[in-house]
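Right, one structure below, let's go through it.
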Amino acid sequence: MQMVVDVDHPNGFPSNDPQHIHISSLQIPPTYDAVLDCVTGIHARPPIIPPTNPPTSRIAPPPEHGYDFIFHIGLAGRGPFRIERLGHKAGYRMKDSINKQAPVIEFLPESNALEPSQRETLEQMRLSSAHMAMVGHTSPIDATVDHPVRGFGKGYELYGEDLHTMIDVEHLVHAMKEQGIELYSSMDAGHCVNDYTYFCSLAESRRVSSRHDKGTQTRVLFMHCCPVGQPFSTEQVTEVIKKIILWVCRNDP
């Protein structure tokens, strides 16, 4: 997402004038390899649009200075919308959509990063059920195998085990609930590809900011939403996404 100022006004855009927002919608394949390739590209300055998007999609040329706000949307189970407050660096045991695992890391992270969280357990159950319906009784995780530590290694040594969004999630959730939106905050993105995407995006936002003007760090947010009709329709999800983008632009500069 790019916020556009009025170049004819001496101060950009005056506070009483409309703020123009250009939104580009990109598709990132739910695989660990694709996340590393695509997310680093969209945080570059200028951003690099991944070639994985459908040929029929038309994306506006990205801004030279980079995007102002990158909002990731990921699929979860049935239920309300969930805004994730942080992404995890290690502890990824789950396979992605092409049955591959996250990269093995050589250093040992904090011990609590190695224990499965409740959200991870639920996500494992959801993926296992979907996978069983397609190919039989197999699981994204083989409990009989001694798993190596997987996640972010080389190039991410300087980042902590958890990276938090700079957006005020609690105020955002409160504002959305006042509009009748069933939205909650979460501290556990599940140690799956979605969580991997979030940590990567948060890390790249910090990395790029340190190389350029520190005051222009791209804001990053991740929201989990339900499958279509469980209970929200595509149109309802779209409206919620629009409202969140507007709130971020107005309240979290």
Side-chain angles (χ1 to χ4, degrees), residues 1-8 12-13 17-76 81 83-84 87 96-98 163 165-167 172 189 192-209 211-213 215-228 232-253:
M1 184 210 75
Q2 176 191 10
M3 294 184 290
V4 184
V5 301
D6 181 0
V7 295
D8 295 326
F13 54 86
D17 284 3
Q19 183 173 344
H20 302 285
I21 303 172
H22 292 173
I23 300 175
S24 296
S25 177
L26 310 177
Q27 179 178 327
I28 300 176
T31 70
Y32 293 110
D33 289 342
V35 167
L36 289 175
D37 290 340
C38 297
V39 173
T40 53
I42 62 177
H43 277 280
R45 298 187 181 177
I48 301 170
I49 302 300
T52 54
N53 285 270
T56 55
S57 62
R58 301 183 64 181
I59 301 173
E64 288 290 323
H65 68 276
Y67 292 110
D68 298 296
F69 176 36
I70 294 179
F71 189 17
H72 298 279
I73 314 295
L75 184 66
F81 300 98
I83 294 288
E84 303 296 343
D96 60 22
S97 62
I98 59 173
L163 289 182
T165 178
M166 62 189 294
I167 294 171
L172 167 60
C192 56
V193 176
N194 289 345
D195 198 344
Y196 195 81
T197 301
Y198 199 19
F199 184 94
C200 185
S201 196
L202 290 166
E204 292 303 323
S205 173
R206 288 159 169 78
R207 188 197 310 277
V208 172
S209 175
R211 294 174 179 171
H212 298 81
D213 296 331
T216 59
Q217 182 173 325
T218 297
R219 289 163 290 173
V220 177
L221 195 63
F222 195 107
M223 181 176 76
H224 273 113
C225 67
C226 64
V228 177
F232 305 109
S233 67
T234 300
E235 291 74 19
Q236 288 174 309
V237 173
T238 301
E239 284 303 309
V240 169
I241 291 172
K242 289 179 181 178
K243 290 179 183 295
I244 291 174
I245 291 174
L246 286 173
W247 186 93
V248 171
C249 292
R250 291 170 175 166
N251 299 277
D252 211 88

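- The minimum heavy-atom distance between Cys225 and Val237, with the atom names listed, is SG-CG1, 4.4 Å.
- For the pair Arg206 and Leu163, the minimum side-chain heavy-atom distance is below 4.5 Å.
- Considering all non-hydrogen atoms of both residues, Ala76 and Pro227 come closest at O-CD, 3.3 Å.
- Side-chain contact check for Leu75 versus His224: every heavy-atom pair is 4.5 Å or farther apart.
- The two atoms that bring Ser97 and Thr31 nearest to each other are OG-CG2, 3.4 Å, heavy atoms only.
- Distance check: Cys200 SG to His43 NE2 gives 7.5 Å after rounding to the nearest 0.5 Å.
- Counting only heavy atoms from C-beta outward, the side chains of Thr165 and Ile83 never approach each other to under 4.5 Å.
- Here the options are Val240, Ile241, Thr234, the test is side-chain contact (heavy atoms from CB on, under 4.5 Å), and the partner is Thr238; only Thr234 passes.
- Side-chain atoms of Glu239 do not come within 3.5 Å of backbone N or O of Gln236 as any donor-acceptor pair.
- Of the inter-residue distances, the one linking Ile23 atom CD1 with Ile245 atom CD1 reads 4.0 Å to the nearest 0.5 angstrom.
- With hydrogens and angles ignored, the 3.5 Å screen pairs no side-chain donor or acceptor of Arg219 with any backbone N or O of Phe69.
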Begin with the C-alpha distance, continue with both residues' side-chain angles, and end with the deciding distance and a verdict on side-chain contact (heavy atoms from CB on, under 4.5 Å) for Val39 and Thr197.
CA-CA 7 Å; Val39 173; Thr197 301; 4.1 Å; yes
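- For the pair Met166/Leu202, no side-chain contact is recorded, criterion being any heavy-atom separation below 4.5 Å from C-beta on.
- Checking side-chain atoms of Ser201 against main-chain N and O of Tyr198 turns up no donor-acceptor pair under 3.5 Å.
- Of all heavy-atom pairs spanning Leu26 and Pro50, the tightest one is CD1-CD, 4.3 Å.
- With rounding to the nearest 0.5 Å, the separation of CD1 in Ile49 from SG in Cys38 is 10.0 Å.
- Distance alone, capped at 3.5 Å, is enough to place a donor-acceptor pair between the Ser205 side chain and the Thr218 backbone.
- For the residue pair Gln217 and Ser209, the shortest heavy atom distance occurs at CB-OG, 3.6 Å.
- In this structure the side chain of Phe81 reaches within 4.5 angstrom of the side chain of Phe232, judged on heavy atoms.
- Contact of the Ile167 side chain with the Trp247 side chain is registered, since non-hydrogen atoms from C-beta on lie closer than 4.5 Å.
- Judged by distance alone, with hydrogens and angles left aside, the side-chain atoms of Asp96 form a donor-acceptor pair with the main-chain N or O of Tyr32 at under 3.5 Å.
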Dump the intermediate steps for side-chain contact (heavy atoms from CB on, under 4.5 Å) on Ile21 and Leu246, then the final yes or no.
CA-CA 9 Å; Ile21 303 172; Leu246 286 173; 4.0 Å; yes
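- The structure places CE of Met223 at 4.0 Å from CD1 of Ile73, a figure rounded to the nearest 0.5 Å.
- Residues His72 and Leu221 form no side-chain contact, since every pair of their non-hydrogen atoms from C-beta on lies 4.5 Å or further apart.
- Across every non-hydrogen atom of Pro63 and Pro47, the tightest pair is O-CD, 3.0 Å.
- Between Ile48 and Ile42, the closest side-chain pair of non-hydrogen atoms is not below 4.5 Å.
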